[in-house]
Amino acid sequence: MTLAELLRGGVHEVAPALVGWTLLVDGVGGRIVEVEAYAQDDPASHAFGGETVRNATMFGPPGHLYVYRSYGLHWCANVVCEQPGRAAGVLLRALEPTHGVDRMRARRGLTDVRLLCAGPGRLTQALALTGADDGADLSRPPFRLAPPATPAVVECTPRIGISRAAERPWRYVEAGSSFSSRRRRAA
DNA sequence: CAGTGGATGCTCT
DNA sequence: GAGCATCCACTGT
């Protein structure tokens, strides 16, 4: 499957299908193990109230990066999706580090690989993504999005850290991954 | 391990 | 002026 083929679907198809893909920025990154879908007519989405200066990228072409500042300190990155007539996106929440691990360690000031990209703010710090990357085209360098050899096994859970529409099960996690933002609960 | 609170800046009402 | 699509350090078990 190519990136263009992936992006042909709506956000609820793209989000689970994106799990298992490898995301690299300047040769640094890893396997996507956790994402969340933010849909049209979704009270939790930045695009819910219509287009503004901040969310303009979500109303642009699919396959671009929507980056915004979170809680004044962190950056969060989304893949813009095509929803019929409306803006939608997939929040990148966690990667399993595979490429440039030492560069990510240096950027994060950490040695534990499981914590390098385990959360949306951590992921952007490890990949050095900032507001300067808002609107960037993911199909062009320095970005690279490559599909997995075989599709990932994906679990579906409620989204994290939101107060509106929190019950919608639009968080997609690779089953059994130890690199997601929340450790698997003890059995 | 679980729970709490502070840092910090920008957007929208 | 409120409210965040968060993270980390710190507390008490």
Side-chain angles (χ1 to χ4, degrees), chain A residues 10-12 14-16 18-19 23 29-30 32-60 62-83 86-97 104-136 138 154-174 177-187:
Chain A
V11 69
H12 294 303
V14 174
L18 199 53
V19 175
L23 170 65
I32 298 171
V33 298
E34 177 182 354
V35 301
E36 284 178 359
Y38 287 86
Q40 62 172 356
D41 298 327
D42 178 357
S45 170
H46 288 172
F48 183 66
E51 184 171 349
T52 65
V53 174
R54 175 178 64 159
N55 66 22
T57 298
M58 286 187 83
F59 289 81
H64 286 235
L65 204 58
Y66 166 50
V67 183
Y68 68 93
R69 200 188 273 285
S70 171
Y71 290 91
L73 292 153
H74 308 287
W75 298 101
C76 291
N78 295 247
V79 177
V80 174
C81 285
E82 189 95 75
Q83 279 279 94
R86 296 292 293 268
V90 177
L91 173 67
L92 300 171
R93 287 196 57 93
L95 302 182
E96 173 181 342
M104 292 193 277
R105 279 199 174 111
R107 288 167 179 164
R108 295 269 297 119
L110 278 179
T111 54
D112 190 341
V113 182
R114 286 172 305 178
L115 295 178
L116 286 183
C117 302
R122 294 162 168 174
L123 183 157
T124 55
Q125 187 183 18
L127 299 191
L129 294 172
T130 70
D133 298 291
D134 183 42
L138 287 168
V154 178
E155 288 174 349
C156 182
T157 77
R159 293 179 291 185
I160 289 176
I162 57 173
S163 53
R164 298 147 76 186
E167 75 290 352
R168 303 189 189 185
W170 292 345
R171 172 177 178 255
Y172 300 97
V173 190
E174 173 162 35
S177 175
S178 42
F179 298 91
S180 62
S181 65
R182 293 217 172 159
R183 208 65 58 78
R184 186 173 45 169
R185 282 188 59 95

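All chains are named by letter (A, B, ...) in the order of the sequence lines, taking the proteins before the strands, and each is independently numbered beginning at 1.
Of the listed nucleotides (C:dC4, B:dC12, C:dC7), C:dC4 has the atom at the smallest distance from the side chain of A:Tyr71. Closest to the A:Pro120 side chain, of the nucleotides C:dC7, B:dC12, B:dA7, is C:dC7. Considering only side-chain atoms of A:Tyr38, the nucleotide from C:dA5, C:dC7, B:dC12 that sits closest is C:dA5. Side-chain proximity of A:Arg69 to the nucleotides B:dC12, B:dG9, C:dC7 is greatest for B:dG9. Nearest to the side chain of A:Arg54, among B:dT8, C:dT6, B:dT11, sits B:dT11.
Annotation for A:Met104 and A:Gly29: closest pair CE-O, 3.5 Å, computed over non-hydrogen atoms.
Where pairing requires Watson-Crick or G-U contacts shorter than 3.5 Å, the helical stems of DNA chain B with at least three consecutive pairs are B:1-7 with C:6-12, B:9-12 with C:1-4.
With sequence neighbours left out, A:Phe48 forms a ring pair (Phe, Tyr, Trp, His ring centres under 6.0 Å) with no residue at all.
Residue A:Glu34 is tested with A:Arg159, A:Arg93, A:Arg122 for a salt bridge (Lys or Arg N to Asp or Glu O under 4.0 Å); the sole match is A:Arg93.
In this structure, CG of A:Leu92 is placed 13 Å from P of C:dT6, rounded to the nearest angstrom. Rounded to a whole Å, the CG atom of A:Asn78 is 11 Å from the P atom of C:dT6. Between A:Leu129 atom CG and C:dT6 atom P the separation is 16 Å, expressed in whole Å. Taking atom OH of A:Tyr66 as the reference point, atom P of B:dC10 lies 14 Å away to the nearest angstrom. For the pair A:Trp75 CH2 and B:dT8 C1', the interatomic distance rounds to 12 Å; values are reported in whole Å. In this structure, A:Asp42 atom CG and C:dA5 atom P are separated by 11 Å, rounded to whole Å. Distance A:Arg164 CZ to C:dA5 C1': 11 Å, rounded to the nearest Å. Between the CE atom of A:Met58 and the C1' atom of B:dT11 there is a distance of 15 Å, given to the nearest Å.
As judged by a 4.0 angstrom heavy-atom cut-off over every strand, A:Arg93 is placed among residues touching the sugar-phosphate backbone only. Within the 4.0 angstrom heavy-atom criterion, only backbone atoms of the sugar-phosphate kind lie near A:Arg108; the bases stay farther away. At the heavy-atom level, A:Ile162 lies under 4.0 Å from the strands shown only through sugar-phosphate atoms.
For the pair A:Ser163 and C:dC4, the criterion of a side-chain N or O lying under 4.0 Å from OP1 or OP2 is met. Taking only side-chain nitrogens and oxygens, A:His46 never comes nearer than 4.0 Å to OP1 or OP2 of B:dT11.
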>> Run A:Arg107 and A:Gln125 through side chain to side chain donor-acceptor pair (under 3.5 Å) and show every step you take.
In response: CA-CA 7 Å; A:Arg107 288 167 179 164; A:Gln125 187 183 18; over 6 Å; no
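Below 30°, between 30° and 60°, or above 60°: for A:Trp170 and A:His12 the angle between ring planes is between 30° and 60°, a tilted geometry.
The residue among A:Gln125 and A:Gly89 whose nearest nucleotide of DNA chain C lies closer to the 5′ end is A:Gly89.
A distance of about 16 Å separates the P atoms of B:dG6 and C:dA2, rounded to the whole Å.
Residue side chain A:Tyr68 reaches the base of C:dA5 through a donor-acceptor N/O pair under 3.5 Å, judged by distance alone.
Interatomic distance, CG of A:Leu129 versus CG of A:Leu92, reported as 8.5 Å (0.5 Å rounding). A distance of 6.5 Å separates CG in A:Leu116 from CG in A:Leu110, rounded to the nearest 0.5 Å.
Side chain of A:Glu36 to backbone of A:Ile160: a donor-acceptor contact under 3.5 angstrom is found.
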